[in-house]
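Throughout, numbering of the chain's residues begins at 1 and tracks the sequence. Ligands are counted one by one from 1 in listed order, and the atoms in each one are counted from 1 as well. None of the values given here were measured: they were computed from a predicted structure.
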Amino acid sequence: MRLAALFLGGVVLSSGLAAAGISLAERKGRAAAWFAGWGLAGALPPVAAALVSPSRTPAFVVVLAYLAAAAVLAFPFNPKRRDEGTDPSGRFDERDTMFSRRELVPGTSRFEEYYARHPEKRAADEGFRARPGLLSPKAAHYEAAGFAAAEASFAAVKALHPLAEGKGGGGEAPKAGRPRPEEAGDNTRFIKSWALKLGAHSVGVAGSQDYHFYSRAGRANRYGVPVEIRHPFALAFTVEMDPEMIGRAPYAPVVMESARQYLKAGAIAVQLAETIRRRGAEARAHIDADYLVICPLVARDAGLGEIGRMGLLMTPKAGPRVRIAVVTTDWPLLADRPARDGTVVDFCRACRKCADACPSKAVPRGVRTEIGGALRWRIDSEACFTYWCAVGTDCGVCVRVCPYSHRDNVFHRAVRAGVRRSLLFRRLAVPLDDLFYGKQKARKEFF
Ligand code: SF4
Ligand code: SF4
């Protein structure tokens, strides 16, 4: 039994030191110190029981206590495993998004028409219009080189817009024969593998739902045009944002990284759409500033994650630290049929890190409410966007502090597995993340 106690002490110590080493590699000094301390403190009782006492009883009691604690934590007691949250009952009008409202020009008929329909939004929108604006040289976090880099990436995304529907660039796609439904399995395997090879972080297929699509478009020359549902399938994928860059939110690196990943997602999406068109089917890429679908909802229904407190898609491996793009198509595909994972929403119920850290108080601290038929947390998008226009970046503080945003490595994978498996583990993980990682102050510099 003394040998067992010594072995247990060694396992606890080496686990603590391994976690400390991983934290050091992640440049999380505070967590490294805590893990090393926990490893030492945790190893002490079994080692002392084995070496100090002449009797075998203390070693037996300590080993038993440690095994019991591990068994309780690993026990799959998980009453909130399924989320029974409902889906939106109708479609959302893109003209109500902040990005569409931002494009309204005072004095134009479009501007007057919008605020005649929505007088309640006028005061809030005057708030963001009074601020310098996204990527403005007058914004609080203006940084010349960083903002220029972000603008360059956004300009490149814009250059992809004609390719989203297959217009321009490369001429007419040669048509293969009409796609056959019995090829759905092969098509799905091929297009998912190709998406991953092109650089997607995760990929899934959803059957198109009414609520995936905007009711009317709200950007550029499509403003006000009703959105048709032409395609029965939606291929959704994520690209991962670099944790180092997100760790600098809300300063310039965060918007550089957003723009870089929008461009990466856009380039992948237009290639996938063109590949499908060349197989004889219709396809439409939905990329930054050129969406007809609400990407987080499509991605959720394709099994890529759940919608958390901050209103973003929370993926299993990178949490909200992703960007999403979608390709809708009539090419026969097999839709994923994911079971809804209630553990994310349950974790968010106990964790309010994003709400506490949000500089504009846009993330609610309370419970989910029914909005448009769906249970969700109501984000104050006016307050969020007004803050963006003040600092000049897309902020990202909520993403930076989220416990799900940790890197995808062996340690955080083990923690996430525990969070999915056990209610008790989830309840412990929230305060421990606070203790180990603290408020995670941002570094400003890019280099
Ligand atoms: S992006 Fe910033 S302002 Fe917006 S919700 Fe997140 S933390 Fe708040
Ligand atoms: S910070 Fe916490 S509450 Fe907010 S989305 Fe992440 S897990 Fe949920």
Side-chain angles (χ1 to χ4, degrees), residues 80 83 85 97-99 102 124 127-128 131 133-135 139-141 241 243 245-255 257-259 296 300 305-323 341-368 375-407 412 415-416 418-420 423 425-442:
K80 313 272 185 187
D83 182 26
T97 63
M98 299 312 297
F99 289 105
R102 170 201 186 209
F128 81 72
R131 305 295 191 283
L134 272 178
L135 297 174
H141 295 333
M241 297 174 81
M245 299 290 269
I246 292 300
R248 287 156 168 80
Y251 302 112
V254 76
V255 72
E257 181 63 9
S258 293
R300 184 202 66 175
E306 290 291 333
I307 310 292
R309 181 183 290 275
M310 64 176 89
L312 300 180
L313 182 78
M314 309 277 283
T315 61
K317 291 184 177 170
R321 198 169 40 75
V322 294
R323 293 291 173 215
D341 177 6
T343 64
V344 173
V345 166
D346 188 51
F347 190 94
C348 285
R349 276 194 202 103
C351 167
R352 294 179 178 83
K353 279 190 119 170
C354 50
D356 292 340
C358 173
S360 69
K361 300 290 163 237
V363 184
R365 295 192 90 258
V367 294
R368 290 191 297 176
L375 262 187
R376 61 185 173 95
W377 280 285
R378 184 188 287 277
I379 308 301
D380 185 342
S381 44
E382 284 88 359
C384 172
F385 193 70
T386 302
Y387 183 76
W388 291 17
C389 291
V391 296
T393 73
D394 54 351
C395 177
V397 166
C398 47
V399 177
R400 168 165 65 79
V401 301
C402 179
Y404 280 89
S405 287
H406 291 305
R407 284 169 194 269
H412 295 300
V415 173
R416 286 182 188 125
V419 160
R420 273 196 300 277
L423 177 71
F425 198 104
R426 280 199 290 286
R427 291 296 177 266
L428 275 176
V430 173
L432 286 182
D433 191 89
D434 268 345
L435 182 68
F436 283 32
Y437 294 94
K439 294 208 180 301
Q440 301 190 59
K441 286 211 173 67

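Taking the six-membered ring for Trp and thresholds of 30 and 60 degrees, His406 and His412 have nearly parallel ring planes, at less than 30 degrees apart.
Listed by number with element, the atoms of ligand 2 under 4.0 Å from a non-hydrogen atom of Tyr404 are 7 (S).
The closest protein non-hydrogen atom to atom 4 (Fe) of ligand 1 is Cys384 SG, 2.4 Å. Protein heavy atom in closest approach to atom 3 (S) of ligand 1: Ser360 OG, 3.4 Å. For atom 5 (S) of ligand 1, the nearest protein heavy atom (residue, atom name, distance) is Val363 CG2, 3.6 Å. Scanning the protein for heavy atoms near atom 7 (S) of ligand 1, the closest one is Cys398 N, 3.3 Å. In this structure, the protein non-hydrogen atom closest to atom 8 (Fe) of ligand 1 is Cys358 SG, 2.3 Å.
Residue side and main chain included, Cys402 places no N/O/S atom under 2.8 Å of atom 4 (Fe) of ligand 2. Taking 2.8 Å as the threshold, Cys395 does not count as a candidate ligand of atom 8 (Fe) of ligand 1, since none of its N, O or S atoms lies below it. At a threshold of 2.8 Å, atom 8 (Fe) of ligand 2 has a backbone or side-chain N, O or S atom of Cys348 nearer than that distance.
Rounded to the nearest 0.5 angstrom, Leu428 CG and Leu435 CG are separated by 11.5 Å. Here the CZ-CZ distance, from Arg420 to Phe347, works out to 12.0 Å after rounding to the nearest 0.5 Å. The distance from the SG atom of Cys351 to the OH atom of Tyr404 is 8.5 Å, given to the nearest 0.5 Å. Note that the OH atom of Tyr387 and the CG atom of Asp380 stand 15.0 Å from one another [nearest 0.5 Å]. Between Cys384 atom SG and Phe128 atom CZ the span is 12.0 Å, to the nearest 0.5 Å.
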Requested in this report: Show the numbers, then the answer: is there a side-chain hydrogen bond (donor to acceptor under 3.5 Å, both in side chains) between Thr386 and Arg131?
Outcome: CA-CA 7 Å; Thr386 302; Arg131 305 295 191 283; over 6 Å; no
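Residue Arg309 forms a side chain to side chain contact (heavy atoms under 4.5 Å, CB included) with just one option from Lys353, Arg376, Arg352, and that option is Arg352.
Using a 4.0 Å heavy-atom cutoff, Arg349 is absent from the residues neighbouring ligand 2. Residue contacts with ligand 1 leave out Phe385, since none of its heavy atoms falls under 4.0 Å from the ligand.
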